[in-house]
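Right, one structure below, let's go through it.
Protein chains get the first letters and strands the later ones, always in sequence-line order, with residue 1 at the start of each. Excluded from the calculations below are hydrogen atoms, water molecules and symmetry mates; all remaining heavy atoms, backbone and side chain alike, are included.
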Amino acid sequence: MIPLSWYLLVAAALFCIGLFGVLARKNTIAILMGLELMLNAVNINLLAFWSYLHHAQMNGLVFAAIVFAAAAAETAVGLGLIISAYRRRGSVTANDLDTMKG
Amino acid sequence: MSAAQVLFILVSTVTLFSAVMVVSVRRMMHAALWLIVSLLGVAVLFVLLQAGFFAMVQVLIYIGAISILIIFAVMLTRQVMSEKIPQLNRGWVAGLVAAGGLMIILAFVFRDFPGSLATTMGDPSAGDVVTLGKALADPNGFAIPFELASILLVAALIGTIYIAMERKGGEQ
């Protein structure tokens with residue numbers, strides 16, 4: 001059988017790849033894609049812990065469902081913000097969105 | 001090595017490779033398509049974790065809705081950013097160091113975590129959709145968090161429509 005640590009390592013690697021995308025990409029849509037990867041890594045972790053350690057309880061599944069809802073809300077709001085910023089400033093580069101810079 | 005292990009290694013290799021492509025390819029449209037491959041790999045991992053319902057939800061919500069939204073946004077903002085210039089910002093080395101450092105820290109945490117040696121999953125019948133649905137609708141269970149999640153979604157969608165709405169009469 002597959003040990004739990006394999007799932008944890010894959011999820012951690014996916015999270016770190018997503019984190020690199022968020023930190024290093026210029027395009028805001030690419031940053032959003034990195035965020036999606038990170039949220040997916042979190043979901044793998046939640047379902048892996050549920051499946052291996054707390055299978056009798058529903059907490060893990062409900063938590064994963066709520067992460068799905070939060071991810072959908074986050075993407076919708078993020079893309080709405082990007083479209084709005086694009087319409088006003090003609091750019092989707094994170095460097096150009098500096099109106100609130102101190 | 002059992003068949004499940006071979007499948008796991010295959011699927012996770014594809015998932016991680018396409019995740020690397022998502023954060024590294026120059027063309028945004030290709031990144032969006034690689035993201036779909038990566039999300040599909042995660043769905044297969046959910047199946048291996050006996051969470052078939054979530055694999056289906058993953059395909060429906062992530063691949064069916066979120067990826068399409070992202071592709072729409074990529075197409076709407078296509079001519080803005082030249083694909084000739086580098087797609088990574090100046091601090092990308094720092095980002096790589098931060099992500100790699102986090103990976104090393106997490107690997108050490110997993111090594112010391114006793115539960116990570118578990119190899120047996122629970123009874124497959126324990127997590128079926130009926131139990132999950134009853135738990136989500138049970139007032140003593142998760143009815144309130146579930147309703148809060150729906151309120152969050154509605155609020156986010158209304159907010160998005162308001163933010164992205166085209167306003168007549170100039171800058172606001």
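Proximity to chain A (any heavy atom under 4.5 Å) is shown, for B:I163, by both the backbone and the side chain. Neither the backbone nor the side chain of B:F72 comes within contact range of chain A; no heavy atom of the residue lies under 4.5 Å from a heavy atom of that chain. For B:L136, the part lying near chain A is the side chain, with the backbone staying farther off; criterion is any non-hydrogen pair under 4.5 Å. With a 4.5 angstrom heavy-atom cutoff, B:F110 touches chain A only via side-chain atoms. The part of A:F15 that comes within reach of chain B is its side chain, from C-beta onward, which places non-hydrogen atoms under 4.5 angstrom from that chain. Proximity to chain A is absent for every atom of B:S67, based on heavy atoms less than 4.5 angstrom apart. Heavy atoms of B:A4 lying under 4.5 Å from chain A belong to its backbone as well as its side chain. When heavy atoms are compared at a cutoff of 4.5 Å, A:L79 approaches chain B solely by way of its side chain, counted from C-beta outward. For chain A, the nearby part of B:F113 is the side chain; its heavy atoms alone come within less than 4.5 Å. Interface remark: B:L35 contributes side-chain atoms only to the contact with chain A (heavy atom separation under 4.5 Å). Within the 4.5 angstrom heavy-atom criterion, no atom of B:A155 approaches chain A. Residue contact with chain A, scored on non-hydrogen atoms closer than 4.5 Å, involves the side chain of B:L39 exclusively. In this structure, chain B has no heavy atom under 4.5 Å from any part of A:A41. In this structure, no portion of A:A94 lies under 4.5 Å from any heavy atom of chain B.
For A:I66 against B:P145, the heavy-atom pair with the smallest separation is CD1-CB, 3.8 Å. When all heavy atoms of B:L153 and A:A69 are compared, the pair lying nearest together is CD2-O, 3.8 Å. In terms of heavy-atom proximity, A:G21 sits nearest to B:V23 at CA-CG1, 3.4 Å. In terms of heavy atoms, A:P3 sits closest to B:Q5 at CD-NE2, 4.4 Å. Taking both residues in full, the closest heavy atoms of A:L23 and B:G95 are given as CD1-CA, 3.8 Å, listed atom of the first, atom of the second, then distance. Shown here for A:M58 and B:F142, the closest heavy-atom pair between the two residues is CB-CE1, 4.1 Å.
Between chain A and the options B:W92, B:F54, B:F146, heavy-atom pairs under 4.5 Å are most frequent for B:F54. Of the listed residues A:I31, A:N59, A:V22, the one with more heavy-atom pairs under 4.5 angstrom with chain B than any other is A:N59. The candidate with the highest count of non-hydrogen atom pairs below 4.5 Å against chain A, out of B:A73, B:G100, B:G101, B:A149, is B:A73. The candidate with the highest count of non-hydrogen atom pairs below 4.5 Å against chain A, out of B:A107, B:G91, B:A31, B:S2, is B:A31. Between chain A and the options B:V93, B:L106, B:V42, heavy-atom pairs under 4.5 Å are most frequent for B:V42. The residue among A:A65, A:A11, A:G60 with the most heavy atom pairs within less than 4.5 Å of chain B is A:A65. Heavy-atom pairs under 4.5 Å with chain A were tallied for B:I61, B:V57, B:L157; the largest tally goes to B:V57. For the options A:L37, A:L19, A:L39, A:N43, heavy-atom pairs under 4.5 Å to chain B are most numerous at A:L37. In terms of heavy-atom pairs under 4.5 Å with chain B, the best-connected choice from A:A72, A:S51, A:G80 is A:S51.
Under 3.5 Å, the side chains of A:N40 and B:Q58 contain a donor-acceptor pair of N or O atoms.
Between A:W6 and B:F8, the ring planes lie tilted relative to each other; the angle falls in the 30° to 60° range.
To the nearest 0.5 Å, atoms OG1 (B:T77) and CD1 (A:I29) are separated by 3.5 Å. The OG atom of B:S12 sits 10.0 Å away from the CG atom of A:L9 when rounded to the nearest 0.5 Å. Remark: A:T28 OG1 to B:M28 CE distance equals 8.0 Å, nearest 0.5 Å. Going from atom CE of B:M165 over to atom OG of A:S84 covers 10.5 Å, rounded to the nearest 0.5 Å. Atom CD1 of residue A:I44 and atom CG of residue B:L48 lie 10.5 Å apart, to the nearest 0.5 angstrom. A distance of 6.5 Å separates CG of A:L47 from CG of B:L49, quoted to the nearest 0.5 Å.
Side-chain heavy atoms closer than 4.5 Å link hydrophobic residues (I, L, V, M, F, W, Y) into clusters, and following such links, even through other members, never connects B:I151 to A:F68. Under the 4.5 Å side-chain contact rule for hydrophobic residues, A:V10 and B:F17 share a cluster. A:V77 and A:L35 fall into different hydrophobic clusters, where Ile, Leu, Val, Met, Phe, Trp and Tyr residues are linked whenever their side-chain heavy atoms come under 4.5 Å apart, directly or through other members. There is a path of hydrophobic side-chain contacts, each under 4.5 Å, that joins A:I82 to B:M75. Clustering ILVMFWY residues whenever any of their side-chain heavy atoms sit less than 4.5 angstrom apart, transitively, puts B:I104 in a cluster other than the one holding B:L16.
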| Audit row: B:F53, A:L61, side-chain contact (heavy atoms from CB on, under 4.5 Å) steps and yes/no | CA-CA 10 Å; B:F53 173 68; A:L61 287 180; over 6 Å; no
| task | Output, in order, the C-alpha distance, side-chain angles, deciding distance and verdict of side-chain contact (heavy atoms from CB on, under 4.5 Å) for A:E36 and B:V22. | result | CA-CA 11 Å; A:E36 296 303 326; B:V22 169; over 6 Å; no
| Which is it for B:V20 and A:F20 under the side-chain contact (heavy atoms from CB on, under 4.5 Å) test, yes or no, and what are the steps along the way? | CA-CA 9 Å; B:V20 170; A:F20 172 72; over 6 Å; no
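A donor-acceptor pair under 3.5 Å is formed between the side chain of A:R87 and the backbone N or O of B:A164.
When side chains are defined from C-beta on, A:I17 does not count as touching B:M103, because their heavy atoms never get closer than 4.5 Å.
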